[in-house]
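What follows is a short report on a single structure.
Start at 1 and go down the list; that is how both ligands and their atoms are numbered. Just so it is clear, the values below take in all heavy atoms, side chains as well, and ignore hydrogens, waters and symmetry mates.
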Amino acid sequence: MSDTAISDAGVSEAHCVKALAAKDFKSGAHPIWCPGCGDFGVVAALEQALAQHGRPPHDVVLVSGIGCSSRLPAYTTCYGFHGVHGRAVALATGVKLARPDLEVIAVGGDGDGYSIGGNHFIHACRRNVNMLYIVMDNRVYGMTKGQPSPTTEPDWDSEIAPGGIGLRPFNPLSLAIAAGANFVARSFAGHPQELADLIVEGIRWPGFAFIEVLSPCITFRPEEFEWKEKVRINAIITEKDRAAAIACVLADDGFGLGIAFKGERAAAPAMVEPTTTIFEIERRFEVGT
Ligand SMILES: Cc1ncc(C[n+]2csc(CCOP(=O)(O)OP(=O)(O)O)c2C)c(N)n1
Ligand code: SF4
């Protein structure tokens with residue numbers, strides 16, 4: 001871990017002796033996700049990853065949009081920004097450019113990130129600002145009760161879309177690689193340790209890192225229980241050539257896990273120097289000072 005750690009008093013201190021544990025990143029808020037929702041596995045893996053990474057909660061900002069998955073920041077002790085629907089990546093980009101010293105992670109759902117937020121997703125891949133983006137893909141809009149999303153299968157039959165919507169889903173991995181992302185991976189919410197290791201790699205990646213996490217919505221898509229049998233660990237091989245990586249993920253059935261692409265485009269340079277600590281900013285907002 002870094003030489004800055006969280007003390008018993010929760011204050012940043014150089015050379016502090018206490019190692020971080022996943023529980024240091026768990027807030028007192030009880031998740032209101034449905035029992036069995038895949039997002040439980042994602043928050044557990046993220047807390048584990050942050051402990052492994054070694055920066056204290058007050059050095060980490062989690063930014064989300066709107067959706068069941070976008071509630072995630074509240075369940076951690078990190079700084080959080082629960083923004084508006086589809087704007088997680090745009091907000092996270094602003095946070096990172098203003099505070100390059102902080103670890104910035106955007107999180108959200110497939111509706112949030114690929115539908116209303118699709119434009120921001122593409123441009124985040126292109127800009128290559130140093131942050132991690134985790135999409136909890138359940139191939140449905142959970143929070144608004146089961147509408148099809150851009151990754152829903154064309155023939156998925158539901159009350160709200162009888163017979164299916166008949167539209168070809170897009171492939172988030174090939175889209176990200178084509179748009180310029182340098183670190184593109186897929187994981188599964190039911191494999192918390194593999195996911196935690198991947199998240200650590202994504203956090204440490206210099207530039208924009210994108211991890212799509214298959215995260216079942218057991219309420220509106222109970223058939224996604226079967227994903228644990230469908231996913232295949234390390235089925236996606238890591239390519240360094242963009243065209244080869246795209247060909248690889250397009251040939252996959254959507255359940256292959258692994259890092260699809262590691263590229264070498266330079267990350268966007270930091271635009272400001274971090275001159276102010278979070279504690280100084282907090283003091284400016286204290287009432288009566
Ligand atoms: C501008 C705007 N449009 C629509 C909505 C309604 N809305 C809230 S969450 C959501 C979709 C959530 O789906 P997803 O991002 O996949 O997350 P999940 O709930 O499945 O985790 C929608 C359409 C909104 N809050 N704001
Ligand atoms: S509706 Fe679906 S995505 Fe939302 S909490 Fe329940 S299981 Fe999770």
* To do: Following the transitive rule for hydrophobic clusters with a side-chain heavy-atom cut-off under 4.5 Å over Ile, Leu, Val, Met, Phe, Trp and Tyr, establish whether L214 and L198 coincide in one cluster.
  =>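 In one cluster: no.
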Would you call the rings of F210 and Y133 parallel, tilted or perpendicular, taking 30° and 60° as the class edges?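 F210 vs Y133 ring planes: tilted.
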Q.
In terms of relative ring orientation, are F208 and F121 parallel, tilted or perpendicular, with 30° and 60° separating the classes?
A.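 Tilted: the ring planes of F208 and F121 meet at 30° to 60°.
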* To do: Check the pair R139, W156 against side-chain contact (heavy atoms from CB on, under 4.5 Å), reporting the backbone distance first and the verdict last.
  => CA-CA 10 Å; R139 302 184 181 171; W156 180 63; over 6 Å; no
* **Any pair counted as ring-ring contact (aromatic ring centres under 6.0 Å, His included), so long as it reaches residues 220-251, sequence neighbours left out** =>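 Counting only pairs at least two positions apart or across chains, the ring-ring contact (aromatic ring centres under 6.0 Å, His included) contacts touching residues 220-251 are W227-F255.
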**OP:** Among residues two or more places apart or on two chains, list those pairs meeting ring-ring contact (aromatic ring centres under 6.0 Å, His included) that have a residue in residues 162-186.
**Re:**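 Sorted pair list: Y114-F170, F183-W205.
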Does any part of the side chain of M131, heavy atoms only, come nearer than 4.5 Å to the side chain of V63, both counted from C-beta?
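Not touching, per the 4.5 Å side-chain cut-off.
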Is D39 close to R71 at the side-chain level, that is, under 4.5 Å between some pair of heavy atoms?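 Of all side-chain heavy-atom pairs linking D39 with R71, none is under 4.5 Å.
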- request: Show all protein N/O/S atoms under 2.8 Å from atom 8 (Fe) of ligand 2, or state that there are none.
  value: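 For atom 8 (Fe) of ligand 2, the protein N, O and S atoms that sit under 2.8 Å away are C37 SG.
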Where is the nearest protein heavy atom to [atom]: which residue, which atom, and how far?
{"atom": "atom 20 (O) of ligand 1", "result": "G142 N, 2.8 Å"}
{"atom": "atom 15 (O) of ligand 1", "result": "D112 N, 2.7 Å"}
{"atom": "atom 22 (C) of ligand 1", "result": "H85 NE2, 3.3 Å"}

Which ligand 1 atoms, with their elements, are less than 4.0 angstrom from a heavy-atom of [X]?
{"X": "V140", "result": "16 (O), 20 (O)"}
{"X": "S69", "result": "17 (O), 18 (P), 21 (O)"}
{"X": "D110", "result": "16 (O)"}
{"X": "G111", "result": "14 (P), 15 (O), 16 (O)"}
{"X": "C68", "result": "18 (P), 19 (O), 21 (O)"}

| query | Looking only at heavy atoms, what is the nearest atom pair of S215 and M136, with distance? | reply |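 What the structure gives for the nearest pair is CB-CB, 4.0 Å.
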Minimum-distance pair of heavy atoms, taken over all atoms of A196 and Q48
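Reported closest heavy-atom pair: CB-CG, 3.8 Å.
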| For F220, atoms of ligand 2 separated by under 4.0 Å from a heavy atom |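 Near F220, the atoms of ligand 2 are 1 (S).
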- Query: Is there a heavy atom in I116 that sits closer than 4.0 Å to ligand 1?
  - Reply: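 In this structure, I116 qualifies as a contact of ligand 1 - some heavy atom is under 4.0 Å.
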* **Geometric N/O contact S70 with ligand 1, under 3.5 angstrom** =>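 In fact, backbone or side chain, S70 has no N or O that close.
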query = Looking only at distance, does Y141 have an N or O less than 3.5 Å from an N or O of ligand 1?
reply =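 No, Y141 has no N/O under 3.5 Å of an N/O on ligand 1.
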ask   = By salt bridge (charged side-chain N to carboxylate O under 4.0 Å, His left out), which residues pair with E226, not counting sequence neighbours?
value =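 Residues passing salt bridge (charged side-chain N to carboxylate O under 4.0 Å, His left out) with E226: none at all.
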query: Is the CD atom of E223 crowded by more than 12 outside heavy atoms at less than 6.0 Å?
result: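 Atom CD in E223 is packed in, count exceeds 12.
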* Hey, is T144 touching ligand 1 through its side chain, its backbone, both or neither, going by heavy atoms under 4.0 Å? ->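 The side chain, only.
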